[in-house]
Amino acid sequence: MDAAALDPVAALERVAYLNDRVLAETHRVQAYHRAADVVRGLDPGELEQRHRDGTLTDLAGIGPKTASIISQALDGGPIPYLEELEAKTRIEPDEPDGAALRAAIKGDCHTHSTWSDGGASIETMARAAMALGHEWIVMTDHSPRLTVAHGLSPERLRQQLAEIEEVNDRLAPFRILTGMEVDILVDGALDLPEDLLAQLDVVVASVHSKLSMPGPEMTRRMVLAVSSPHVDILGHCTGRKVPGRMRQVGQSDFAGRVGSTFDAEIVFAACAQFGTAVEINCRPERQDPPDELLDLALEWDCTIAIDTDAHAPGQLEWQPFGCDKAARHGIEPGDVVNTKTADDLLAWAGSHARS
Ligand SMILES: [Zn+2]
């Protein structure tokens with residue numbers, strides 16, 4: 001083998017990661033993971049032979065695009081598509097204060113894995129977070145009744161907690177904190193039994209259904225949820241989906257969705273009263289809360305969380321979007337729970353549980 005050869009598996013997985021960074025469609029990203037799996041399963045001699053013979057595309061799961069990445073890697077590079085993606089998908093804060101905020105951030109309180117509707121294992125997500133310089137993440141997969149997102153039953157949540165413990169042993173001193181993105185049910189109840197909620201390190205509560213219910217009912221629903229002693233963060237408060245940033249990342253036909261209506265004064269007053277942080281959701285299609293609502297949350301002196309809601313490793317890179325927004329609203333590192341160490345975050349999450 002050529003001494004200068006790059007690792008074709010690493011090249012394919014980097015391409016997948018960079019596609020996640022711009023929220024490419026899942027099936028496109030999966031094609032690179034699948035090709036990487038095929039290469040992993042071959043002996044190196046066969047891979048070289050097929051590269052020389054030009055028969056890589058005879059393998060199920062390898063198409064012309066993935067074959068050329070493999071060949072270019074085996075030839076020692078360059079891999080033009082990979083280089084182009086690296087440059088095109090790069091994410092950096094636009095605002096100087098956004099950059100300072102991002103630099104002060106130590107972790108992400110809202111992430112998903114293949115346990116619910118994420119695209120990567122807990123360990124892969126954690127390793128990607130480590131590569132970004134994080135000290136911790138909270139694993140917040142979906143709750144039981146969100147079946148469209150493969151929400152975790154209490155039994156599966158217990159299994160997940162065991163896996164997190166095991167991965168933590170391998171990755172220390174990095175820490176995966178336990179959590180859930182618990183669904184706020186229509187009546188304001190939380191979609192997980194009380195004893196399990198109490199066991200989790202950090203709980204994000206979000207509305208995912210009946211977004212169009214009348215404002216007074218939605219207000220009541222959200223206030224009930226954020227006043228729970230177990231809820232630490234109110235996730236993507238309006239549930240809106242906006243096309244703006246999606247156009248920027250090249251998805252020009254993204255339609256968007258109108259968010260819910262609620263009395264934000266009352267909801268944020270409850271967040272402030274019960275020590276529940278308001279999430280700035282960094283997903284390019286969410287960007288919750290809208291600017292005017294974020295101003296209101298700040299008037300009420302709410303604590304802020306800046307989270308990616310990442311469903312894939314490359315999406316963990318989205319925090320600069322939220323940091324820029326926070327900076328434009330004058331939010332400082334001390335106002336943001338993500339700047340805490342894991343121990344301080346746990347202490348914070350534990351302290352308002354008793355209020
Ligand atoms: Zn989420």
Side-chain angles (χ1 to χ4, degrees), residues 20-21 23 26 29 105 107-122 124-126 128-129 134 136-153 156-157 160 164 176-185 190-192 196-197 200-211 221-222 225-226 228 230-242 245-246 254 256-257 259-260 271 276-289 304-319 321-322 325 337-338 345 349:
D20 280 333
R21 207 151 79 168
L23 199 50
T26 309
V29 181
I105 276 179
D108 197 325
C109 307
H110 187 167
T111 70
H112 295 270
S113 74
T114 43
W115 280 85
S116 66
D117 59 348
S121 68
I122 292 172
T124 302
M125 293 297 283
H134 285 337
W136 52 264
I137 53 170
V138 187
M139 189 46 64
T140 54
D141 276 309
H142 289 289
S143 61
R145 269 174 268 197
L146 207 64
T147 50
V148 288
H150 309 292
L152 272 68
S153 63
R156 289 180 63 229
L157 176 59
Q160 187 193 45
I164 288 175
I176 304 159
L177 304 178
T178 63
M180 180 164 263
E181 182 178 15
V182 68
D183 204 26
I184 302 175
L185 301 173
L190 300 169
D191 185 21
L192 198 70
L196 271 174
L197 280 173
L200 299 172
D201 291 330
V202 176
V203 172
V204 176
S206 315
V207 168
H208 291 104
S209 60
K210 290 232 163 110
L211 262 61
R221 178 181 179 185
M222 292 172 76
V226 302
S228 159
H230 303 301
V231 171
D232 304 301
I233 298 169
L234 170 63
H236 50 69
C237 62
T238 74
R240 70 172 182 172
K241 300 230 172 140
V242 291
R245 182 78 76 168
M246 300 297 281
F254 185 77
R257 176 174 79 195
S260 62
C271 286
T276 300
V278 173
E279 173 188 82
I280 294 182
N281 188 295
C282 300
R283 291 191 67 82
E285 82 280 30
R286 287 197 181 272
Q287 302 179 57
D288 242 336
I304 299 295
I306 302 178
D307 297 324
T308 61
D309 197 353
H311 285 65
Q315 299 180 358
L316 288 164
E317 290 206 33
W318 287 341
Q319 261 169 336
F321 298 151
K325 178 175 200 153
V337 294
N338 307 68
L345 185 76

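Starting from 1, each residue takes its place in the sequence as its number. Start at 1 and go down the list; that is how both ligands and their atoms are numbered.
Applying the ring pair (Phe, Tyr, Trp, His ring centres under 6.0 Å) test to His208 and every residue at least two apart in sequence or in another chain returns His142, His236. Residues meeting the salt bridge (Lys or Arg N to Asp or Glu O under 4.0 Å) test with Glu317, sequence neighbours left out: Arg21. By the salt bridge (Lys or Arg N to Asp or Glu O under 4.0 Å) test, Arg156 is found to be paired with no residue, residues two or more places apart in sequence or in another chain being considered.
Of the candidates Thr308, Asp307, Asp309, His110 forms a side-chain hydrogen bond (donor to acceptor under 3.5 Å, both in side chains) with just one, namely Asp309.
Here the Zn ion (ligand 1) has protein N, O or S atoms under 2.8 Å from it, and they come to 4.
Proximity of a side-chain donor or acceptor of Thr276 to a complementary backbone N or O of Val226 within less than 3.5 Å is detected.
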Pair Arg257-Leu211, side chain to side chain contact (heavy atoms under 4.5 Å, CB included): steps then yes or no: CA-CA 10 Å; Arg257 176 174 79 195; Leu211 262 61; 3.8 Å; yes

